[in-house]
Amino acid sequence: MENPSDAVVTSAVVEAPVVLEEALPARIIDIAKFEGKRVQLKGWLYNIRSSGKILFLQVRDGSGIIQAVMVKKEVGADLFNLAKGLGQEASVIITGVVRADERSSIGFEMSVDGLELVCNSVDYPISPKEHGTDFLLDHRHLWLRSKRQHAILRIRAEIIRACRNYFDEHGFLLIDSPILTPAACEGTTTLFGTDYFDQKAYLSQSGQLYAEASAMAFGKVYCFGPTFRAEKSRTRRHLMEFWMIEPEMAYIDLDDNMAVQEDFVETVVQTVLKNRMDDLKTLERDTTFLEKVKKPFYRVHYDEAVERIRKKGFEFPWGEDFGADVEAALTEDFDKPFFVHRFPAKVKAFYMKRDPERPELALCSDLLAPEGYGEIIGGSQREDSYDELIGRIREHGLPEEAFSWYLDLRKYGSVPHGGFGLGLERTVAWICGLHHIRETSPFPRLLNRMNP
RNA sequence: UGCGCUGUAGCUCAACGGUAGAGCAACCGGCUGUUAACCGGUAGGUUAUAGGUUCGAAUCCUAUCAGCGCAGCCA
């Protein structure tokens with residue numbers, strides 16, 4: 001700047017007609033609308049590749065990933081070197097012009113003309129190469145930033161939305177059940193205990209009993225919330241904490257109950273296929289089985305299921321509940337979800353109504369997903385007779401006092417009723433085609449794992 | 001809780017009784033169309049922990065700890 005002639009040249013550049021137009025705030029998901037426009041993206045650096053005088057920045061903003069191309073001679077050495085030194089997951093605000101490009105997987109790229117470093121990221125633990133699940137679960141808070149997890153969690157959100165919409169649009173009222181409860185709902189599984197001032201309390205394992213009370217008040221209701229099981233199960237189908245949607249309906253029988261379930265499940269699956277095909281592709285999900293999820297679903301009586309199992313070579317005594325191997329073998333027979341109904345009452349919960357034609361059977365059903373996924377719904381018609389129900393409670397050795405309010409429902413205008421519970425995470429695993437349930441939850445609670 | 005499997009560099013793995021190695025990540029350098037980029041170089045280790053067998057142990061044995069898989073339970 002000592003030389004006055006330099007100043008003249010500098011000001012000439014500033015006032016030249018190459019002044020950039022204002023950058024429009026944009027998100028990658030609707031980048032197509034901005035073709036030819038200069039935009040501003042706020043995001044994180046997903047990956048970076050360098051070719052000497054040209055940089056390829058993979059930038060994600062939570063809605064998608066775009067390749068932003070930076071050329072050294074266009075942006076100058078300072079900015080170029082700054083960008084070159086960025087770490088994976090550095091937060092950046094970039095500006096540039098959007099243009100169509102056939103080489104891009106999303107059809108568009110961006111030519112960068114500006115980059116602001118918000119915060120650098122040094123030694124990011126999750127590299128683009130493969131990692132073990134244990135390591136990834138330790139870094140779940142960062143793992144959430146990767147493509148595959150985005151696809152799964154978007155599908156999860158879509159499934160939740162579809163579930164809520166279905167019941168909201170079919171005359172059900174949302175009535176949430178309490179999470180802190182005084183006693184076991186079903187009396188079988190182990191519960192997480194906690195302290196309720198000077199009283200013992202438990203985390204809810206099901207909202208069903210409360211849903212029944214609500215159904216007697218509003219006719220058709222559903223609850224949707226977390227449930228907790230303290231079972232020490234370590235399998236690919238179990239979580240300690242999971243979400244369950246539990247509709248309950250007054251004046252229905254077992255057949256009505258199954259009809260609602262198949263209509264509901266068909267709607268949820270078809271909605272995901274319609275709205276989240278990109279994410280299913282990211283997961284490389286073969287959707288042929290999902291396309292077939294249309295009613296009616298098959299209805300297999302327990303007696304028939306036992307016959308099918310025996311034909312497959314299992315020595316299966318009538319009266320038992322199905323183990324995992326038997327259940328998986330049974331799903332081989334069907335190309336879409338199917339019901340197994342009327343299980344022997346002695347292997348089922350105390351509140352289920354008996355089949356009047358065969359009192360050794362319960363009016364219940366499980367809905368099993370194909371492709372080996374197995375049970376996603378358990379449902380039943382509930383016992384509506386006071387005398388029958390109190391007999392069951394005594395047979396099971398349950399504390400009568402704790403169930404007095406539940407018995408009241410059979411005292412004051414009892415009606416035939418029923419409902420079911422759909423396990424959200426199992427449904428997500430099935431629709432996404434996942435091997436293990438743990439990726440279906442943003443922060444899964446597993447045996448021996450509560451962090452992060 | 002039972003049975004089985006596994007703990008080696010930040011990560012994914014190799015070395016299977018004889019000097020602990022590779023790819024990726026990190027760092028330095030090269031490259032104007034890369035897309036799990038590539039090429040060259042540097043650094044990185046009390047082989048989960050504690051005992052034992054052996055001239056010699058990552059490797060064989062025992063215990064402990066941690067993780068994974070399957071089962072039971074269920075959604």
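Keep in mind that what you see is a predicted model, and the values were worked out from it rather than measured.
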Pairing partner of [N] (Watson-Crick or G-U wobble, both distances under 3.5 Å):
N       : result
rC5(B)  : rG67(B)
rA50(B) : rU62(B)
rC73(B) : none
rC27(B) : rG41(B)
rU12(B) : rA22(B)

Query raised in the report: Under a 4.5 Å cut-off applied to non-hydrogen side-chain atoms, are R449(A) and R438(A) in contact?
Result: no

Report task. Find out whether M70(A) and K84(A) are in side-chain contact, i.e. whether some heavy atom of one side chain is under 4.5 Å from a heavy atom of the other. Result ->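 Contact flag for M70(A)/K84(A) side chains = no.
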
Query raised in the report: Hey, does the side-chain of R426(A) have a donor or acceptor N/O within less than 3.5 Å of a partner on the base of rC74(B)?
Result: yes

Query raised in the report: Checking only heavy atoms, does the side chain of H131(A) share a donor-acceptor pair with the base of rC11(B) at less than 3.5 Å?
Result: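 No.
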
Requested in this report: State, without any angle test, whether Y351(A) and Q208(A) hold a side-chain donor-acceptor pair at a distance under 3.5 Å.
Outcome: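 The answer is yes; a qualifying pair exists.
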
Report task. Please check if any side-chain donor atom of D335(A) sits under 3.5 Å from a side-chain acceptor atom of Y298(A), or the reverse. Result ->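 Judged by distance alone, the side chains do pair up.
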
From C-beta outward on [X], which listed nucleotide comes closest to its side chain: [options]?
X       : options                   : answer
H238(A) : rG33(B), rA75(B), rU32(B) : rA75(B)
R229(A) : rC31(B), rA25(B), rC74(B) : rC74(B)
D123(A) : rA26(B), rU32(B), rG69(B) : rA26(B)
R237(A) : rC31(B), rC68(B), rC73(B) : rC73(B)
F135(A) : rU1(B), rG33(B), rG10(B)  : rG10(B)

Residue-phosphate contact under 4.0 Å: [X] side-chain N/O, [N] OP1/OP2:
X       : N       : answer
H436(A) : rG69(B) : yes
R236(A) : rC70(B) : yes
R148(A) : rA36(B) : no

Requested in this report: Determine the sole option in R358(A), R308(A), R342(A) for which the salt bridge (charged side-chain N to carboxylate O under 4.0 Å, His left out) test with D303(A) is passed.
Outcome: R358(A)

What contact category does [X] fall into here, base, sugar-phosphate, or nothing, at under 4.0 angstrom with non-hydrogen atoms?
X       : value
K73(A)  : base
D366(A) : nothing
L239(A) : base
T133(A) : nothing
E74(A)  : nothing
T235(A) : base

Spacing of the [atom1] atoms in [M] and [N] (rounded, Å):
N       : M       : atom1 : result
rG18(B) : rC28(B) : C1'   : 37 Å
rG29(B) : rU47(B) : C1'   : 33 Å
rA58(B) : rU46(B) : P     : 13 Å
rA43(B) : rA9(B)  : C1'   : 11 Å
rG23(B) : rC39(B) : C1'   : 15 Å
rU19(B) : rA57(B) : P     : 12 Å
rA22(B) : rG44(B) : P     : 13 Å
rA14(B) : rU54(B) : C1'   : 25 Å

Requested in this report: Between G323(A) and E375(A), just flag the one whose closest nucleotide in RNA chain B comes earlier from the 5' side.
Outcome: G323(A)

Query raised in the report: For RNA chain B, whose closest nucleotide is more 5', that of S51(A) or that of G85(A)?
Result: G85(A)

Requested in this report: Could you tell me whether D366(A) and K348(A) make a salt bridge, using a distance below 4.0 angstrom between a side-chain N and a carboxylate O?
Outcome: yes

Query raised in the report: Quick check: are there more than 12 heavy atoms from other residues, nucleotides or ligands sitting under 6.0 Å from CE of M277(A)?
Result: yes

**Report entry** Pi stacking test for F56(A) and rG33(B): under 5.5 Å apart, planes under 30°
**Finding:** no

Query raised in the report: Is rC16(B) in the syn or the anti form, by the rule that syn lies within 90° of 0?
Result: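 Syn, since the glycosidic angle lies within 90° of 0.
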
